[in-house]
Amino acid sequence: MMLGFLLARSGVDVVVLEKHADFFRDFRGDTIHPSTLDVMAEIGLLDDFLRLPHDQVGYLSGVIGNTTVRIADFRHLPTRCKYLVLMPQWDFLNFLSERAKRYPAFHVLMNAQATDLTFEGDRVTGVIAQTAAGREEIQAQLVVAADGRTSTIRDRAGMHCTQLGAPMDILWMRISRAATDPEQTFGTLDRGRIFISLNRNAYWQCGYVIPKGTFEALQREGIAAFRERIAQIAPFLANRVDELQSWDDVKLLTVAVDRLERWYRPGLLCIGDAAHAMSPIGGVGVNLAIQDAVAASNMLAAPLRRGYVRTSDLEAVQRRRMFPTRVTQGAQLFIQRRVITPILGNGATTKPPAVMRVLSRFPILQRIPAWLVGVGVRPEHVRTREIAVR
């Protein structure tokens with residue numbers, strides 16, 4: 001959606017396909033980082049965007065065993081907004097879609113699922129979509145696969161990911177919020193369990209981290225046993241865990257960390273999770289995808305307006321974005337090995353790792369993880385001009 005907006009803003013005719021009738025998908029990534037808020041400012045949408053209901057998070061804390069540690073402090077970042085925004089992703093997508101529709105070059109097709117590609121020799125020339133009106137073929141000088149970690153377009157193009165590994169999956173659920181509950185968003189790590197609670201004002205969006213592949217065993221124990229697990233690690237929710245009436249109220253997110261070694265072929269470019277699935281650590285997946293979109297727009301808008309995108313243009317996009325992808329995934333893999341895996345394998349009360357104790361003792365160091373999460377490696381800025389008429 002961001003790439004479609006930016007290209008249409010630059011006068012490039014764009015069609016965005018959305019396979020559903022709306023953008024409402026619960027438990028999607030809802031963190032919007034300062035680097036993304038800078039992008040929103042650069043395209044003149046930040047003030048309107050921040051009028052939508054949202055929460056602002058100036059720092060991240062965690063409860064590890066019996067110790068509360070502050071991990072990241074965003075309040076000193078060299079960005080316009082020195083905080084994370086928590087906002088349902090459907091609100092973000094609706095906002096971008098409505099603003100993009102002001103440009104004559106922007107088109108979005110709902111209930112339109114891309115199912116295959118068309119080719120001319122080795123070059124991708126368009127997509128075949130299943131729409132409400134039936135099968136439709138859409139020709140394009142460039143197809144961008146932004147359809148996630150299980151990308152259909154990537155598979156149809158014969159592109160295969162290298163799996164980097166993830167030791168956990170996450171169970172997401174909603175539990176109502178009481179006036180006496182803590183205000184902040186935080187994570188709790190204790191007795192071999194990791195629990196995430198995101199303040200949504202009226203409710204908590206909760207994540208329960210489990211060792212990979214253990215969901216079926218957990219289901220066999222029964223929903224009552226699962227409710228007890230949550231009550232033990234988050235006692236303030238104990239009087240409300242009965243809201244989880246069945247496993248239908250719990251959604252499994254299968255965590256994957258992978259990437260394509262080559263993100264493109266003639267006429268096709270993969271970005272976001274289609275090119276590099278990220279771990280939920282740091283909540284950076286959405287924001288890295290947006291950085292991909294900004295870089296792609298900066299580098300491809302002019303060739304698209306000229307009417308021909310060379311394969312070397314697509315290679316240049318990957319070359320720019322591969323470095324931040326490798327660094328970010330490397331940091332996530334390090335945290336998985338050094339923090340997540342030891343905790344999930346330890347049934348005893350957890351003590352904060354040494355690095356977290358140092359962060360808690362020296363607050364100035366909290367600016368380092370804040371920068372890595374909130375700004376990231378090689379943040380992108382909008383370089384294209386608005387040449388389309390609103």
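In this chain, numbering begins with 1 at the start of the sequence shown. What you see below is based on every heavy atom in this structure, not just the backbone, and it leaves out hydrogens, waters and symmetry mates.
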For D48, side chain to side chain contact (heavy atoms under 4.5 Å, CB included) partners two or more places apart: R51, F95, R99
Do the ring centers of W204 and F195 come within less than 6.0 Å of each other? no
With rounding to the nearest 0.5 Å, note down the distance linking CG in N111 to CD in E18. 8.5 Å
Enumerate, atom names and distances included, each donor-acceptor pair closer than 3.5 Å involving a side-chain atom of residues 154-163, sequence neighbours excluded.
unit_1	atom_1	unit_2	atom_2	d
R154	NH1	A274	O	2.9
R154	NH2	R149	O	2.7
R156	NE	T115	O	3.1

How about Q139: does its CD atom have over 12 heavy atoms from other parts shown lying under 6.0 Å from it? yes
Does any part of the side chain of W263, heavy atoms only, come nearer than 4.5 Å to the side chain of L314, both counted from C-beta? no
Just verifying a value: how many Å separate I230 CD1 and I175 CD1, rounded to the nearest 0.5 Å? 5.0 Å
Going by heavy atoms in the side chains, are F23 and L96 under 4.5 Å from each other? no
Okay, side chain of D181, backbone of A178: is any donor-acceptor separation there less than 3.5 Å? yes
Is it the case that N298 and H381 place a side-chain donor and acceptor less than 3.5 Å from each other? no
Any donor-acceptor pair under 3.5 Å linking the side chain of R265 with the backbone of D122? yes
Contacts under 3.5 angstrom, residues 72-79 side chains, donor-acceptor by atom type, not counting sequence neighbours:
unit_1	atom_1	unit_2	atom_2	d
D73	OD1	R75	N	3.0
D73	OD1	R75	NE	2.9
D73	OD2	R75	NH2	3.0
T79	OG1	C81	O	2.9

Check E261 with R326, please: is the shortest side-chain N to carboxylate O separation under 4.0 Å? yes
Which residues pass the ring pair (Phe, Tyr, Trp, His ring centres under 6.0 Å) test with F226, sequence neighbours left out? Y208, W247
Exercise: do H276 and D292 side chains pair donor with acceptor under 3.5 Å: yes
Using a strict cut-off of less than 4.0 Å between a Lys/Arg side-chain nitrogen and an Asp/Glu carboxylate oxygen, indicate whether R306 and D313 qualify as a salt bridge. no
Kindly say whether G165 contributes a backbone atom to a donor-acceptor pair with the side chain of Q336 at under 3.5 angstrom? yes
CZ (R80) with more than 12 external heavy atoms under 6.0 Å: yes
R174 with E243: basic N within carboxylate O range, under 4.0 Å: no
Verify the neighbour count for atom NZ of K82: are there more than 12 heavy atoms of other residues, nucleotides or ligands below 6.0 Å? yes
With sequence neighbours left out, write down each residue that passes side-chain hydrogen bond (donor to acceptor under 3.5 Å, both in side chains) with E216, or none if nothing qualifies. none
Y203 versus M173: any side-chain heavy-atom pair under 4.5 Å? no
Q130 backbone acceptor or donor facing Q113 side chain under 3.5 Å: no
Quick one: does any side-chain atom of E380 pair with a main-chain N or O of L288 as donor and acceptor, under 3.5 Å? no
I want to check something: taking the side chain as every heavy atom from C-beta on, are V12 and L300 in contact at a cut-off of under 4.5 Å? no
Taking C-beta and beyond as the side chain, do Q318 and Y264 meet within less than 4.5 Å on heavy atoms? yes
Please go through L333's hydrophobic cluster and name the other residues, only I, L, V, M, F, W, Y counting, with side-chain heavy atoms under 4.5 Å joining them. L164, V257
Check whether the side chains of T118 and E137 place a donor and an acceptor atom closer than 3.5 Å, and report yes or no. no
How long is the straight-line distance from CD of Q291 back to OG1 of T36, given to the nearest 0.5 Å? 5.5 Å
